[in-house]
Amino acid sequence: MDSPIARVDNVRKQYLMGTVMVEALRGLSVDFYAGEYITIMGPSGCGKSTLLNILGCLDRPTSGQYVLGGEDVSTLDDDQLSTIRGTRIGFVFQSYNLIQQLNVLENIEVPLYYQGRPQHESRAIARQLARRVGLDDRMEHKPFELSGGQQQRVAVARALANDPLIILADEPTGNLDSTSGSDILGVFDELNRQGKTLIMVTHSDEVSERAGRVIRLRDGRVERDERRN
Amino acid sequence: MNGETSRKSRIPWQHLIVDVERVRRTMQLGLKSLWLHRLRSLLTGLGIVFGVCSVIAMLAIGEGLSYEAQEQIRRMGSNNIIIRSVKPPEDRSSSAERTRVIEYGLTYADVERIKLTIPTVEVVIPSRIIRSDVWNGTNRIDCDIIGTVPSYPEMRNHHVAMGRFFTEEELEENLNVCVLGDGMAEKLFPLDSPLDGIVRIEGDYYKVIGTMEPESERSSMGSPDSNPAAAGPARNATGAPYEMYIPLTAAKSRFGEMLVQRSSGSFSAERVELHEVTIKVGQIDDVVETWHIIADLLTANHKKTDYEIIVPLDLLRQAERTKRIFNIVLGAIAAISLLVGGIGIMNIMLATVTERTREIGIRRALGAKRKDIVLQFLIETVLLSASGGLIGVALGLAIPFFITQFAELQTKVTLWSPLLAFSISAMVGVVFGIYPAMRAANMDPVEALRHE
Ligand SMILES: Nc1ncnc2c1ncn2[C@@H]1O[C@H](COP(=O)(O)OP(=O)(O)O)[C@@H](O)[C@H]1O
Ligand SMILES: [Mg+2]
């Protein structure tokens, strides 16, 4: 097998809540490979979001190593992590997290803007992505004018803007009705078919059946890691 | 090879363009978000608006007043010392007398003493001022007739408009010639040139040899009241009293030294030799010393203080001192109002940062560096304070304009005051925006994303 696109090695994450130390991840190790479609499952509070945040370079492990695309990112500074988030990671959140005063195209352009792409380029990319997620006729709309499913599609388009290495999604269908939910999952399936690496946190077995690999966490460790076919 | 060099030289340029582009787009973003909360932005910016506006307006008024005052003083001549006769306060015991002659003021002897004993004095110009009607046929003007010497116009920076002033010969020969002050020619000679015309004062006729340019100094510096009981003479278009100049010798021989006046039913007469003496000091550095010597000399020779000494140079220095104090006070007011305005802006920006925590988290997750967040909020704050400053400058320029239009008060807007006020208001944005911006940038992205 190829070398992993992302490798988490004996990662611990501790939070100090008042005087109590909470250990969200307790020496977790897992490898991810290019082109995989992975779902992460587990009971609430087992550390799924914490893991995703570390994978997305939003947070740093207390100890352990995280190697992304061959680069050890656990030692990078804040600016370097920002650049990695902007270029190699695409986030999709449960609550869409669109910027309310920007319209669809402008929201999709945000990651491009921070990479210094000139406006005429980023505008063209944003249009193309909006079309790809089926929002041709909503490009100038503000988030509050869109349904939840449409908003999440904007978020997916935005996650694709800088053509990232991995797309991380934390319960992307958690706020959606089943129709819009399967809509979004359809988009993810399509992306994976085109070769994108997807890591998705979900509570739903139905959702996780679409993925080629399911990782179950318990108390900050990998409980089970199974590949289908 | 050619293409190689041109590509190399383009690299630093491109870097610069990207940065300018980023600032431009961040400004666009800032304007958008200020516009989104336009009422709040307006209210927040008002502190700066009023601060800047009041400072510019007050500065313009202050500059106008002091410019006018300094111009008047300068026109009197900074090398000059002017002594005027002043009627001393009357004794109570003598006020019962119905008719009496009051004798006061400067004398020819004073002039001689000053001329002979003070070496720093260059020229001494005595003059008499008599109020009388001047006639040409049936045209009449109530005016101040000033008997003086040929160097008067030069000494007072007051210039001849048409014709000429009288000469030493005309003075010595005691000729009846006269020079008309501003506005008189039109009144007395409405149809033809006043030059070589003849005017009448009481029983004497005078030939007009010239006219003077307008002069505004006497109007507000207070002309020596030769007729304190009555209202001053008629005034011309510039608001100055009508004046006519004749040789001092003529004034002395035609009018004598006795002035009779009627006041509320009683007659009184005054005897004044000279109403005004203008002294020119050779060197400007000697002015203050000469002033003290003259004051001592007059004190020694006059029983009462029946004169006043006006030193334009001293007045100028006082005016400058007053202006300096005014500017300091104004500066303090400006500083306080900008401080208050700045604190208001900081307060709102802190609230904005908290309100937009989620947005900050999103931007950080999508690749924004700390400095991008700092730039975004700093630019927004500077835009807010600078637009406040801009509105303030506009109002601050409009107010003096309307004051000049409607209150007839001279105002003077110096170029630097709006520029300075505007740049300071932009600076206020930087100073008071940096803390909220840093706070925004230092948020933990994960925490910020979880914020509701
Ligand atoms: N910022 C934090 N401060 C303190 N404790 C935290 C923080 N984030 C997460 N935790 C704790 O870490 C554990 C794992 O949280 P999380 O990764 O969010 O779980 P989930 O699997 O439900 O997404 C939980 O016990 C949670 O309370
Ligand atoms: Mg979670």
Side-chain angles (χ1 to χ4, degrees), chain A residues 13 15 24 49-50 52-54 56-60 77-103 106-123 142-143 154-155 158-162 164 168 170, chain B residues 10-11 13-38 40-41 352 355-377 379-380 438 440-452:
Chain A
K13 181 70 190 180
Y15 293 105
S49 296
T50 306
L52 221 60
N53 288 339
I54 288 172
C57 295
L58 274 173
D59 213 345
R60 270 187 273 217
D77 68 16
D78 193 83
D79 274 6
Q80 290 167 317
L81 288 181
S82 299
T83 305
I84 288 189
R85 287 197 296 269
T87 54
R88 314 197 126 188
I89 310 287
F91 282 103
V92 180
F93 303 92
Q94 181 176 356
S95 47
Y96 329 131
N97 277 340
L98 300 179
I99 297 173
Q100 293 304 312
Q101 67 256 39
L102 304 183
N103 67 25
E106 290 164 340
N107 263 294
I108 299 173
E109 279 181 288
V110 171
L112 296 161
Y113 166 68
Y114 286 117
Q115 296 315 312
R117 294 288 276 273
Q119 199 159 16
H120 59 93
E121 269 182 50
S122 67
R123 189 45 60 101
K142 293 277 174 69
V154 178
R158 183 179 66 183
L160 293 171
N162 271 322
L168 300 173
D170 196 346
Chain B
R10 204 179 290 156
I11 290 167
W13 265 104
Q14 255 165 357
H15 175 75
L16 197 72
I17 287 165
V18 165
D19 271 5
V20 169
E21 173 71 4
R22 179 165 290 199
V23 168
R24 187 188 67 77
R25 288 173 72 178
T26 314
M27 279 174 77
Q28 232 170 21
L29 195 73
L31 282 176
K32 216 171 186 171
S33 107
L34 290 177
W35 183 247
L36 196 69
H37 304 283
R38 36 196 176 278
R40 181 163 80 181
S41 306
T352 302
E355 201 174 87
R356 288 162 67 183
T357 301
R358 187 68 167 265
E359 180 194 328
I360 294 161
I362 297 169
R363 288 181 181 279
R364 294 283 275 135
L366 299 179
K369 298 187 171 109
R370 284 204 171 115
K371 65 175 187 218
D372 293 320
I373 303 294
V374 169
L375 190 71
Q376 183 187 344
F377 283 92
I379 282 185
E380 196 169 319
M438 295 289 281
N442 285 330
M443 280 178 181
D444 177 48
V446 177
E447 297 284 324
L449 276 170
R450 211 182 291 159
H451 187 91
E452 250 334 297

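Please read these numbers as outputs of a predicted model, since none were measured by experiment. Excluded from the calculations below are hydrogen atoms, water molecules and symmetry mates; all remaining heavy atoms, backbone and side chain alike, are included. Order of the sequence lines fixes the chain letters, A, B, ..., with proteins taken first and strands second; residue numbering starts at 1 for each chain.
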Subject >> Nearest heavy-atom neighbours spanning Val446(B) and Leu58(A) >> reply: CG2-O, 3.6 Å
Subject >> Heavy-atom closest contact (Ala368(B) atom, Ser82(A) atom, distance) >> reply: O-OG, 3.5 Å
Original post:
Which heavy atom of Gly367(B) sits nearest a heavy atom of Gln115(A), and at what distance?
Top reply: O-NE2, 4.3 Å
Original post:
Is chain B contacted by the side chain of Asp79(A), its backbone, both, or neither, given a heavy-atom distance below 4.5 Å?
Top reply: both
Original post:
So which part of Ser95(A) gets closer than 4.5 Å to some heavy atom of chain B, the side chain, the backbone, both or neither?
Top reply: both
Subject >> Toward chain A, the part of Arg356(B) with a non-hydrogen atom under 4.5 Å >> reply: side chain
Original post:
Taking atom types as modelled and ignoring hydrogens, do the side chains of Arg450(B) and Ser49(A) form a donor-acceptor contact shorter than 3.5 angstrom?
Top reply: no
Original post:
At what distance, to the nearest 0.5 angstrom, does CG of Leu102(A) lie from NZ of Lys32(B)?
Top reply: 5.5 Å
Original post:
Which distance, rounded to the nearest 0.5 Å, do you find between the CD1 of Ile108(A) and the CG of Leu366(B)?
Top reply: 12.0 Å
Original post:
What are the two closest non-hydrogen atoms of Ser33(B) and Gln101(A), and how far apart are they?
Top reply: CB-NE2, 4.0 Å
Subject >> pair Leu29(B)-Glu106(A): side-chain heavy atoms closer than 4.5 Å >> reply: no
Subject >> Between CD1 on residue Ile360(B) and CD1 on residue Ile99(A), distance to nearest 0.5 Å >> reply: 10.5 Å
Subject >> Distance, nearest 0.5 Å, that separates CG of Asp372(B) from OH of Tyr114(A) >> reply: 5.5 Å
Subject >> Ion pair Asp77(A)/Arg370(B), N-O distance below 4.0 Å >> reply: no
**OP:** Pick one of side chain, backbone, both or neither for Arg117(A), based on which atoms fall under 4.5 Å of a heavy atom in chain B.
**Re:** backbone
Original post:
Any side-chain heavy atom of Thr83(A) sitting closer than 4.5 Å to one from Lys369(B)?
Top reply: yes
**OP:** Taking side-chain contact (heavy atoms from CB on, under 4.5 Å) as the test, write out the residues that go with Pro143(A), two or more places apart.
**Re:** Leu98(A), Gln100(A), Asn107(A), Gln151(A)
Subject >> Polar side-chain atom of Arg22(B) near backbone of Tyr113(A) as donor-acceptor pair, under 3.5 Å >> reply: yes
**OP:** Please flag which part of Glu452(B) lies under 4.5 Å from any non-hydrogen atom of chain A: side chain, backbone, both or neither.
**Re:** neither
Original post:
Any idea which heavy atoms bring Ala365(B) and Phe93(A) closest together, and the distance?
Top reply: CB-CZ, 4.1 Å
**OP:** Working to the nearest 0.5 Å, report the span between CG of Asp444(B) and CG of Asn53(A).
**Re:** 9.0 Å
Subject >> Closest heavy-atom pair and its distance - Pro118(A), Arg25(B) >> reply: C-NH1, 4.0 Å
